[in-house]
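Accompanying notes for the structure given below.
What's counted below: heavy atoms across the whole structure, side chains too, no hydrogens, waters or symmetry copies. Lettering of chains follows the sequences in order, A, B, ..., and the numbering in each one begins at 1. This is a predicted model, so every value here is computed, not measured.
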There are 2 protein chains.
Amino acid sequence: MTEMSGAPSSGTGVPGRIGIGLQLDAIHMKILEVLRENGRISVAALAERVGISRASAYTRFEALRADGVIKRFTADVDHVRAGLGITALVFVTVRQQMWKQFRAQLAQMPEVEYCAITTGQHDAMIQIRMADVAAIHALVTERLASIPAVKATETVFILDEVLKRPYVLPSDRRPAATARTRRPPADPPAQANVPLGKMRFVVAAEGRADMHREP
Amino acid sequence: MTEMSGAPSSGTGVPGRIGIGLQLDAIHMKILEVLRENGRISVAALAERVGISRASAYTRFEALRADGVIKRFTADVDHVRAGLGITALVFVTVRQQMWKQFRAQLAQMPEVEYCAITTGQHDAMIQIRMADVAAIHALVTERLASIPAVKATETVFILDEVLKRPYVLPSDRRPAATARTRRPPADPPAQANVPLGKMRFVVAAEGRADMHREP
DNA sequence: GTTGAAATTAGTACGAA
DNA sequence: TTCGTACTAATTTCAAC
């Protein structure tokens, strides 16, 4: 369920599929913008908000769906109200050449909302939601740690989710600045003023070349 | 847009709202289960799949929406297809007593898909999506690092998103095990066998008590 | 890509169980 | 509360332009 394969975000369910598919124009983007905020809007209303005819809206809507640009429509649920009050991030170090097993085990854990393979100190980050702290602890110690592919874990709790956007679009630009904070248009790029010491990119750990290979 | 306030996941837009609201029963959960997989299903079809009448489905559907259990419906878009091929996680150390400013600045950055305040070595984790690595670099060095509230950042790239579920429900239990991997029902809890050394819970950093206070 | 009309479906309002 | 039905409004489909 909801598993992704191979390269980042390439899980369309059609393994052999390659190519650009749809070339998205400004109207496609506008459609996506509306749909991310109201996934249940009628196509008629969508057409009006985007400024095209209903028939075109149906055509483009279908094309976006068929081409996999829109993967699904979903309800955004309040986890706390639904009974899962605690969220944690678990950073996992995966044993070399056991990635396939790790993926398979994760697929068996419905409590895992998100899993990404990352560069840096750890190999993967997973997000889990549970009813309470004890349940998080139990999951990490009893189920995650018992996976042979898992070499080590590091858990942090989420104290507050400040921002959660359904997804980001290329058309998302910085919102129009207010008069108080607007910069002059001719402002030079800030690159020269960047305090470089503030930033640190973390390189990949050793033993990652086998990431998509099998044991 | 899409900002959350105060306590974890409590952003309902109704600041004074306190209390349990709806008491969710099994049918509510079933409704949520259907809706997370198909957010555009008609209420009639929903009623059929859940096994209640059309009228009841409307009532419960509206109640879930009005009570904030369902926060919104949204389209799940393929970021790569939409033109944002690179995803990164940025771990941010926030200067003490500047949380409010940090939040305000984040709200101005539409490229940020997710931001959570965490325990552990860093104070916050944000997820950003950009067209390429250079754009990530530019965002982190030019915009994030120039926020006074940001003391330091650490960036890792996401190489693959293995799993991404719309959300997790309490009713999600471990999927029915296959014959090959099923355990006997009387299996003792694995607690005694846990290799505790594998796990490490990370405590909060110093200076976090002021998290919700202002400068 | 657009408009307009037919067919279908959705949303609402009742009384009854 | 939930169900069943009937009524009205809206949406989707399909045609021709």
Next on the checklist: For a 4.0 angstrom threshold against heavy atoms of chain A, report the outermost contacting nucleotides of DNA chain D in 5' to 3' order.
Outcome noted: D:dT11 to D:dT13
Item to check | 5'-most by nearest nucleotide on DNA chain C - A:S53 or A:R40 | outcome: A:S53
Checklist entry - Would you call A:D78 and B:K71 a salt bridge, using N to O less than 4.0 angstrom? => result no
Checklist outcome for this item: Angle separating the five-pair end axes of the helix from C:dG1-D:dC17 to C:dA17-D:dT1, nearest 10°, is 30°
Checklist entry - With sequence neighbours left out, what residues match B:F73 under ring-ring contact (aromatic ring centres under 6.0 Å, His included)? => result B:F61
Next on the checklist: With a 4.5 Å cut-off on side-chain heavy atoms, are B:I41 and B:L35 touching?
Outcome noted: yes
Item to check | Partner residues of B:S53 under the side-chain contact (heavy atoms from CB on, under 4.5 Å) criterion, sequence neighbours left out | outcome: B:A55, B:S56
Checklist outcome for this item: salt bridge (charged side-chain N to carboxylate O under 4.0 Å, His left out) pairs touching residues 40-60 of chain A, sequence neighbours excluded, are A:D25-A:R60
Checklist entry - Which part of the nucleic acid, if any, lies within reach of B:A44 when heavy atoms closer than 4.0 Å are counted: base, sugar-phosphate only, or nothing? => result sugar-phosphate
Checklist outcome for this item: Sorted by chain and residue number, the side-chain contact (heavy atoms from CB on, under 4.5 Å) partners of B:V168 (sequence neighbours excluded) come out as A:L84, A:E113, B:D172
Item to check | Interface residues of residues 54-62 of chain A with DNA chain C (non-hydrogen, below 4.0 angstrom) | outcome: A:R54, A:A55, A:S56, A:R60
Checklist entry - Between which nucleotides of DNA chain C, 5' to 3', does chain A make heavy-atom contacts below 4.0 Å? => result C:dG1 to C:dG4
Checklist entry - Looking at residues at least two apart in the chain, or sitting in another chain, which of them share a side-chain contact (heavy atoms from CB on, under 4.5 Å) with A:S171? => result A:M29, A:E33, A:L169
Checklist entry - With sequence neighbours left out, what residues match B:A138 under side-chain contact (heavy atoms from CB on, under 4.5 Å)? => result B:E142
Checklist outcome for this item: What one should report as the nearest heavy-atom pair of B:R165 and A:M109 is NH1-O, 3.0 Å
Checklist outcome for this item: Residues passing the side chain to side chain donor-acceptor pair (under 3.5 Å) test with A:Q127, sequence neighbours excluded, are B:Y114
Checklist entry - Closest heavy-atom contact between B:T87 and B:I136? => result C-CD1, 4.5 Å
Checklist entry - Can you list every pair that meets ring-ring contact (aromatic ring centres under 6.0 Å, His included) and has a residue in residues 26-57 of chain B, with sequence neighbours left out? => result none
Next on the checklist: Using modelled atom types and a 3.5 Å cut-off, is there a donor and acceptor pairing between side-chain atoms of A:R129 and backbone atoms of A:E111?
Outcome noted: no
